[in-house]
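Taking it in order: structure first as structure tokens, then the write-up.
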2 protein chains.
Amino acid sequence: MPRPTIDDVATLAGVSIKTVSRVVNHEPNVRGLTRDKVEKAIAQLDYRPNPSARNLASSRARLIVLVYDDPSAYEVPSAGYIINMQEGALKACRKAGFELLIHPCNYRNENVGKELTELIGQVRPAGIIVAAPLSNLPLIVKPITETDTPCVRLSTGSGSAKEYTIGTNDREISAEMTRYLASLGHRRIAFVKGNRQHKAVGNRFKGYKDGLDESGLPYLEELVAEGDNSIGSGERCAEDLLRRSPRPTAIFSANDDMAAGVLRTANRLGISVPGELSIAGCDDIALAQQIYPALTTIRQPLSAMSELASLALVNSSRGNPHEPGLDVVPGIIKVRDSTAPAPE
Amino acid sequence: MPRPTIDDVATLAGVSIKTVSRVVNHEPNVRGLTRDKVEKAIAQLDYRPNPSARNLASSRARLIVLVYDDPSAYEVPSAGYIINMQEGALKACRKAGFELLIHPCNYRNENVGKELTELIGQVRPAGIIVAAPLSNLPLIVKPITETDTPCVRLSTGSGSAKEYTIGTNDREISAEMTRYLASLGHRRIAFVKGNRQHKAVGNRFKGYKDGLDESGLPYLEELVAEGDNSIGSGERCAEDLLRRSPRPTAIFSANDDMAAGVLRTANRLGISVPGELSIAGCDDIALAQQIYPALTTIRQPLSAMSELASLALVNSSRGNPHEPGLDVVPGIIKVRDSTAPAPE
DNA sequence: CGGCCAATTGACAGCGCAATCATTTACGCA
DNA sequence: TGCGTAAATGATTGCGCTGTCAATTGGCCG
């Protein structure tokens, strides 16, 4: 049996299809009595509008696109980050009856801009969420905004004058992590910086320096290494840092992958964690709990952020665009087993 | 400026819209000359068909749904598995101009069946891919097939009489892994079984026994433990197994998460890997390379499998349904650092 | 009770495309 | 050259819905 259409509902309820349309779309100016009749008919027929027809008629799809850095472009992709984001967006979409289209995207590709423009032209989404680090690249954001598609940036970096941005308190929470390490008695706290392209990790570095300062510890250039966000770079940075003398007793990395790399190196060198060396990361990807010892880290509220973003886009499609600006969803520190009081 | 429509193309090319439609959809019976004209017009206008209009007119969306076990239902979700699957499906979809809708799904939920039926009614996808372990649950598969939506099962378990199934040579490759461990001199090779509900892990257990047999080793009940696919269960099983005397010198787990758990336990107990204990897993999720030492494992060709599945569904929507049956994409053994010759 | 305005409802025209069926063209052969 | 057939092309309808604008209704006031 074919699915019921708006005509069937209208006939059953004894009204015109336009009235049914009004009820379905929660438009004003429908009498309570009429609304009840229509809703009863809808329930009775188990009617649900055909999205394609709606999209065609209104020329905008009930669909949100999530754009993020393509993990398959990397040797050892970091999947946890993405799954977390998808989760929040899916949640909001389901609640609103929207669908989520995922679009991993390689920013090294020459034609990303065109690719996105085409995607938008193709599916006409109600909105687009652009995740960090892509959200900091004009190369990505500009083509999107030029199509007039509502766009929310997920950026642990900074706000933007033109788009609504959802961020987190990277700098503050990183400072807090640093103070936490200091409170455990650590005096030589090293830091592994991440990819310079990513503003987020820059903020974390600033937070690290803030934290040192607030704990009355000096900032030492020799205790900072620069990675590229990958596990491998974490390993190399750790080799470097652990060669210093005296050795740092804690290493705080700008993301979990690098922290996992630090842990690998410590394991390889036979340095006990957390006995001789405390390790802290940032992101709380699944990996953080899968390695041994489980990583003390900063939980990025990624799921909450993408949920908020989706919500904003849904509202926007209903006529309430969100004004530009920065909303901050705070992260929290998850203390696990990779940090302990400083030795001695 | 509004996007060009099929009418614009027809006008520019001096043909009817039906002819344009034929060219766009690669239908036969168009003269080469005409085709060229139309294609030139399409290129000139940068025309791309409106998917909503197509869907409305043909009452089936150019869209594939990927259904998988909802990771957020678990405490420590295993994201790698999912990302790999998404990757292959995305690849095939892009090539065919299809979109991918992801639908994580909690099978413990009472209403999964209805949920899926509604989803299908809602979006009318060209097809659905159901990933293991959901693909082995009638609870999930039946409601789908009842809607006449083409459905491909991804199951490392077994084929099905009614749906096309893409699997892998779990049993054989697990036997090979076992033989490999035996070839390293291991005589006491333990096995960690996974969740009974998952046929795949059952096959791996069979493969383990085959491998022992082929290597002339006895099957010992005491060297088998039963986990539930989670890291935590791997830890517990390892505690059990390592209490045996003499201790096993190799532990082969039915998935990587549990192998990671085994490694955590070994680390905790101060047992050196791979010096005193070799560890092997199965799946080759990203985690396998993120822990130390990197895990020797069986690489599941998940991406290839989901790509194949998507392709089959695309073809199906073009009038070439795939007949039921089982296709096997073989896995391969990735030797990394967690396995070494047996001690002594 | 008549009149007027606002609230409510409906008629109808597309949105852009696929599919059906009718029409035209091309080609082979006698 | 003319006929028959198959190939190529086109005219038209309708998919299910939204948006526009017109028609109707109801309520309130004088």
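Here is how names work: the chains are called A, B, and so on, in the same order as the sequence lines, proteins then strands, and each is numbered from 1.
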The contact string for nucleotides 5-12 of chain C, one letter per nucleotide 5' to 3', using protein heavy atoms under 4.0 Å with B, S and - for base, sugar-phosphate only and none, comes out as ---BBBB-
Rounding to 0.5 Å, atoms SG (A:C105) and CG (A:L116) come to a distance of 4.5 Å
query: Can any side-chain N or O of B:D8 pair as donor or acceptor with the backbone N or O of B:T5 at less than 3.5 Å?
result: yes
In this structure, CG of A:L154 is separated from OG1 of A:T168 (nearest 0.5 Å) by 10.0 Å
Rounded to whole Å, CZ of A:R48 lies from P of D:dG16 at a distance of 14 Å
Closest to the side chain of A:N25, out of D:dT18, D:dC17, C:dG16, is D:dT18
Item checked: N/O donor-acceptor pair under 3.5 Å between A:D36 side chain and A:L33 backbone -> no
The bend of the helix from C:dC1-D:dG30 to C:dA30-D:dT1, taken between the axes of its five terminal pairs at each end and rounded to 10°, is 40°
Atom CG of B:N50 and atom P of C:dG14 are separated, to the nearest Å, by 18 Å
Next item on the list: Check for a donor-acceptor pair, side chain of A:T11 on one end and backbone N or O of A:D7 on the other, with a separation under 3.5 Å.
Entry: yes
Taken to the nearest whole Å, CD1/B:I42 to C1'/C:dC17 is 13 Å
Side chains of B:Y68 and B:Q86: do they bring a donor and an acceptor to under 3.5 Å? yes
B:L56 CG to C:dG16 P, in whole Å, measures 12 Å
Between B:S135 and B:R153 (side chain of the first, backbone of the second, donor and acceptor by atom type, cut-off under 3.5 Å), is there such a pair?
no
### Main-chain N/O of A:A312 paired with A:S316 side-chain donor or acceptor, under 3.5 Å
no
* Asked: Quick one: does B:N50's side chain have a donor or acceptor within less than 3.5 Å of a partner on B:A53's backbone?
  -> yes
In whole angstroms, the gap separating P of D:dC15 from CZ of A:R54 amounts to 18 Å
Rounded to whole Å, CG of A:D8 lies from P of D:dC15 at a distance of 11 Å
Here the distance between atom P of D:dT9 and atom CD1 of B:I6, to the nearest Å, is 15 Å
Heavy-atom nearest nucleotide on DNA chain C taken for B:A53 and for B:E27; more 5' hit belongs to B:A53
Q) When you check the phosphate oxygens OP1 and OP2 of D:dC15, does a side-chain N or O of B:N55 lie under 4.0 Å from one of them? A) no
